[in-house]
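In what follows, every heavy atom counts, from backbone to side chain, and hydrogens, waters and symmetry copies are set aside. Every chain is numbered from 1, with letters handed out A, B, ... down the list of sequences.
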Amino acid sequence: MPRLSLHDSKSRKTVAFTPLDPENVRVYYCGPTVYDLAHIGNLRAMVTADVLVRLLRHLYPRVTYVRNITDVDDKINARARENNEPISALTARTIRDFHDDLAAVAILPPDIEPRATHHIEQMQRMIRELIDNGHAYEAGGHVLFSVADYPDYGELSGRSADDLMAGARVEVADYKRAPGDFVLWKPSDADTPGWDSPWGRGRPGWHIECSAMSYHYLGESFDIHGGGSDLLFPHHENERAQSMCCHPHGRFANHWVHNAMLLVDGEKMSKSLGNFLTVRDVLRDTPAEALRLLLLRAQYRSVLNFTRDGLDDARQTLDRFYRALAVLPDAQAADTTPPPDSFVAALCEDLNTPAALAEMHAMADRALAGDVQGARDLRAAGHLIGLLGSTPDVWFRGDAQVDGAKIQALIDERLAARKTRDFARADAIRDELAQQGIVLEDGPGGTTWRKA
RNA sequence: GGUCCGGUGGCAGAGUGGUGAUGCAGCGGACUGCAAAUCCGUGAAUGUGGGUUCGAUUCCCGCCCGGACCUCCA
């Protein structure tokens with residue numbers, strides 16, 4: 001079995017992955033703040049996590065994958081006010097949409113999906129401990145983490161305290177001892193969600209939830225913590241500082257995984273540029289599997305440029321793969337073929353999905369040459385990374401908005417016309433079907449049809 | 001301004017201190033009544049200037065260009 005190498009953001013090196021407990025690999029990923037539909041940038045992080053967890057499950061007997069939901073946040077409060085709806089309605093709907101979108105692109109659910117609002121007690125306990133051991137202080141109704149009290153602060157993101165001061169955008173608040181100090185707990189007014197606490201009615205700061213919930217479900221040391229590279233600072237740096245100060249004998253995350261950002265047509269996705277794409281926007285006119293494949297065509301640490309052409313390419317690649325699977329006599333039959341070692345080995349090199357896809361092309365070559373084992377290998381490889389979960393029939397013909405019998409009648413009529421060398425009629429039939437989005441293919445085994 | 005990451009053929013995108021994967025597109029051919037699909041063949045790339053080395057796309061430095069982050073964006 002190939003061994004997994006994984007890039008670690010903290011050491012900035014690709015290192016051999018060694019689980020703390022090989023019987024139970026523990027992974028924590030930052031999930032969504034539920035105030036709006038997931039966009040394709042969010043999706044990239046979720047797909048990266050999904051591939052990583054699928055691979056870990058292939059390599060190890062058990063994986064515990066925790067992905068949180070942030071359901072208390074000022075953006076949520078603001079959006080609920082804008083929409084004039086209760087916060088609980090907004091978060092419930094957004095969570096449902098998020099689950100639907102992820103399921104559409106074959107992302108498996110995490111083992112545990114804790115919600116911040118269900119873990120206020122754990123957060124308060126942690127904040128109390130941080131105050132007790134001198135790493136946090138109360139000021140102006142807030143509880144703040146004192147950055148100066150954690151010598152390793154900045155180690156994860158590779159910044160020094162001086163660097164942080166150099167940035168002119170640090171929020172200076174008069175109740176902070178140092179500008180870099182960040183909020184653990186903040187006061188809520190009567191119109192804002194809040195919980196009673198020793199520091200008054202209030203709500204948690206952003207970072208504390210991940211520290212509290214990862215500790216609660218995975219312990220003071222766990223294997224992998226991941227998210228988008230934009231979370232490296234401040235979110236993950238702050239999580240780490242809190243956790244290490246609260247549990248000084250633990251290591252918090254042993255290994256940090258961050259995926260690079262996604263561009264749309266070469267530019268950062270933003271609402272003002274008008275290139276902001278939700279998962280739903282894309283899925284309106286693209287098969288979900290093509291979107292997933294597009295995200296896997298670049299290695300997760302490379303910036304990925306999302307384009308319409310790229311999506312079309314991905315779709316074509318899937319055409320080829322499903323054509324290759326069509327050589328299987330029993331496209332749906334259960335089959336225990338393991339994914340080939342060369343394929344797993346590619347994934348084990350820091351999730352090198354482009355190299356893994358190149359392996360799949362080689363398998364497709366074999367399958368298209370008539371090698372049934374090649375097709376089995378291809379299917380097994382695809383399944384490992386959440387692809388090829390459909391069948392050629394469904395991929396090419398869909399769940400039928402068309403009348404198959406009618407198409408077959410036309411195919412028969414065309415065949416008769418061709419026999420009498422009436423090619424004008426034969427081509428007219430093909431054109432007619434093409435108008436309806438149906439493509440005919442004359443193969444050695446007869447004529448078949450598919451959606452355009 | 002600070003920190004970090006990256007610049008590979010027309011496009012997408014890997015790897016590597018010693019003849020530069022893979023896919024799409026292109027070109028030529030086979031198959032086909034014509035297509036589609038498939039197959040065979042083929043042209044085409046390491047931003048720039050130095051350094052280290054027998055040899056650099058790979059390692060080091062400068063420059064240019066792009067991107068991310070710098071208090072709540074995956």
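Of the residues in residues 309-317 of chain A, those lying under 4.0 Å from RNA chain B by heavy-atom distance are A:D313, A:Q316, A:T317.
For A:E239, the side-chain hydrogen bond (donor to acceptor under 3.5 Å, both in side chains) partners at least two apart in sequence or on another chain are A:H225, A:H235. In this structure, A:D393 has no side-chain hydrogen bond (donor to acceptor under 3.5 Å, both in side chains) partners at least two apart in sequence or on a different chain. By the side-chain hydrogen bond (donor to acceptor under 3.5 Å, both in side chains) test, A:R450 is found to be paired with A:E441, residues two or more places apart in sequence or in another chain being considered. Not a single ring pair (Phe, Tyr, Trp, His ring centres under 6.0 Å) links A:Y300 to another residue, sequence neighbours left out.
Pairs passing the ring-ring contact (aromatic ring centres under 6.0 Å, His included) check and including a residue from residues 429-452 of chain A, sequence neighbours excluded, do not occur. Evaluation of the side chain to side chain donor-acceptor pair (under 3.5 Å) test over residues 426-436 of chain A, restricted to residues two or more places apart or in two chains, returns none. For residues 345-357 of chain A, every residue pair satisfying the salt bridge (Lys or Arg N to Asp or Glu O under 4.0 Å) rule, not counting sequence neighbours, is listed here: A:R301-A:D350. Sorted by first and then second residue, the ring-ring contact (aromatic ring centres under 6.0 Å, His included) pairs involving residues 348-391 of chain A (not counting sequence neighbours) are A:F321-A:H361. Every pair passing salt bridge (Lys or Arg N to Asp or Glu O under 4.0 Å) that includes a residue from residues 302-311 of chain A is listed here, sequence neighbours excluded: A:D285-A:R308.
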N/O contacts under 3.5 Å, protein versus nucleotides 39-44 of chain B?
none

Revision key, fill the gap. Per-residue pairing states of RNA chain B in dot-bracket (Watson-Crick or G-U under 3.5 Å; . unpaired, | other strand) read (((((((..(((.....[...))).(((((.......)))))....(((((..]....))))))))))))....

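Within 4.0 Å (heavy atoms only), A:R366 reaches no atom of the nucleic acid at all.
Side-chain atoms of A:D230 stay outside donor-acceptor range of the base of B:C70, with no qualifying N/O pair under 3.5 Å.
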